[in-house]
Number of protein chains: 2
Amino acid sequence: MDKIDSKLLRLLQQDASRTNAELAEVVGLSPSSCLRRIRRLHETGVIDRIVAVLNPTKAGRTMKAIITVELERHGEQYIRRFLDMAEKEPAVIQAYSVSGETDAILMLRLKDMDELDALTERLFREETNVARYYTAFVIRTGKETTEIPV
Amino acid sequence: MDKIDSKLLRLLQQDASRTNAELAEVVGLSPSSCLRRIRRLHETGVIDRIVAVLNPTKAGRTMKAIITVELERHGEQYIRRFLDMAEKEPAVIQAYSVSGETDAILMLRLKDMDELDALTERLFREETNVARYYTAFVIRTGKETTEIPV
DNA sequence: ACTTTCGTGCAATAAAATTGCAAATGACCG
DNA sequence: CGGTCATTTGCAATTTTATTGCACGAAAGT
């Protein structure tokens with residue numbers, strides 16, 4: 001992982017649709033060397049995968065919400081059980097157990113209020129061990145990236 | 001946006017490194033038709049971009065934290081100002097203004113505690129109009145996807 | 001100084017994307 | 001229904017891109 005690898009990672013995190021020849025030129029390497037480096041980054045698992053990022057609005061998912069959850073019983077197995085349940089929801093795009101007052105934080109991508117209503121009904125029913133939850137609606141997205149500084 | 005387009009979007013959100021020929025076969029189309037559909041999805045902006053997703057651990061960013069922020073003065077311009085400042089931080093990968101008690105929520109990807117220390121120093125100094133903030137460390141990631149249901 | 005290891009560039013080859021064109025499909029209207 | 005227009009499709013040719021073998025060169029260890 002030298003300077004060239006870092007540069008490649010930065011470039012690929014921004015736009016992975018570039019051709020190998022382009023990348024090679026930018027980092028100042030021959031296409032073959034460049035390709036071999038990228039392949040190695042895949043093989044060693046530094047690059048997890050290549051994905052298409054959709055425009056949420058154009059894909060019909062306009063609402064975003066963040067829910068912080070406090071459980072009744074806080075044991076490890078209870079938190080795990082709650083997360084397992086949350087993960088199954090397609091609208092849940094991020095689910096974390098966290099330190100501090102709250103036990104879990106969920107990030108949702110929703111079509112409309114009805115979808116949120118149905119989801120909260122499933123996740124926060126009586127039997128689900130949830131003591132309290134706070135729903136915050138995203139008003140403005142200042143930044144949203146998958147990019148990790150390297 | 002018919003059934004085939006949706007299927008393509010699902011496939012591309014999971015793995016955009018597949019060849020056009022593979023995709024074409026999965027959705028039951030000729031390579032040329034398939035390619036034209038994908039290009040159209042790009043042109044219409046449904047597909048925003050193609051990116052490489054890194055393994056955070058292998059890229060040297062092991063810590064994740066979520067900070068909820070309450071501002072002193074809540075006006076639109078103050079929130080905007082705070083978000084603008086937060087966005088500039090490379091460790092901040094998501095920054096939202098939200099409804100409810102808290103004004104903003106930040107998602108951080110960190111190397112170590114020192115980085116967090118330095119960042120909080122910059123964002124939550126006296127002059128930054130922040131009344132209170134709560135830092136929750138991510139203990140376990142149940143789910144983390146860029147995939148939007150289509 | 002010698003060997004080993006690793007990364008590099010070049011050139012040939014294989015694979016994939018892209019395009020033009022004619023046929024097929026399907027929605028709309030008299 | 002029958003006809004027209006717009007759109008989408010598949011095929012085949014072409015272009016572009018990825019991939020591989022190989023020999024050379026730099027750096028590290030002995």
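Below, chains carry the letters A, B, ... as their sequence lines are ordered, and counting in each starts from 1. Heavy atoms only: backbone and side chains are in, while hydrogens, waters and symmetry mates are out.
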Ion pair present between [X] and [Y], side-chain N to carboxylate O less than 4.0 angstrom?
{"X": "B/Arg40", "Y": "B/Asp5", "result": "yes"}
{"X": "B/Arg132", "Y": "B/Glu70", "result": "yes"}
{"X": "B/Glu144", "Y": "B/Arg109", "result": "yes"}

Rounded distance in Å - [atom1] ([X]) to [atom2] ([N]):
{"X": "A/Asn20", "N": "C/dA16", "atom1": "CG", "atom2": "P", "value": "15 Å"}
{"X": "B/Met1", "N": "D/dT8", "atom1": "CE", "atom2": "C1'", "value": "17 Å"}
{"X": "B/Leu23", "N": "D/dG10", "atom1": "CG", "atom2": "P", "value": "14 Å"}
{"X": "A/Leu29", "N": "D/dG25", "atom1": "CG", "atom2": "C1'", "value": "14 Å"}
{"X": "B/Asp5", "N": "D/dT8", "atom1": "CG", "atom2": "C1'", "value": "12 Å"}

task: Compare every heavy atom of B/Pro90 with every heavy atom of A/Pro149, then report the nearest pair and how far apart it is.
output: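 Heavy atoms only, the tightest pair is CG-O, 3.6 Å.
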- request: Would you mind classifying the nucleic acid contact of A/Thr19 as base, sugar-phosphate or nothing, using non-hydrogen atoms under 4.0 angstrom?
  value: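 Contact class for A/Thr19: sugar-phosphate only.
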message: Quick check: is B/Tyr96 connected to B/Tyr133 through a chain of hydrophobic side chains (ILVMFWY, heavy atoms under 4.5 Å apart)?
response: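 No, no single cluster joins them.
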query: Within a radius of less than 6.0 Å around CD of B/Gln14, do more than 12 heavy atoms belonging to other residues, nucleotides or ligands occur?
result: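 Count over threshold, so yes.
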- request: Could you check which residues of residues 33-45 of chain A get a heavy atom under 4.0 Å from DNA chain C? Sort them by number, please.
  value: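 Under 4.0 Å from DNA chain C: A/Ser33, A/Arg36, A/Arg37, A/Arg40.
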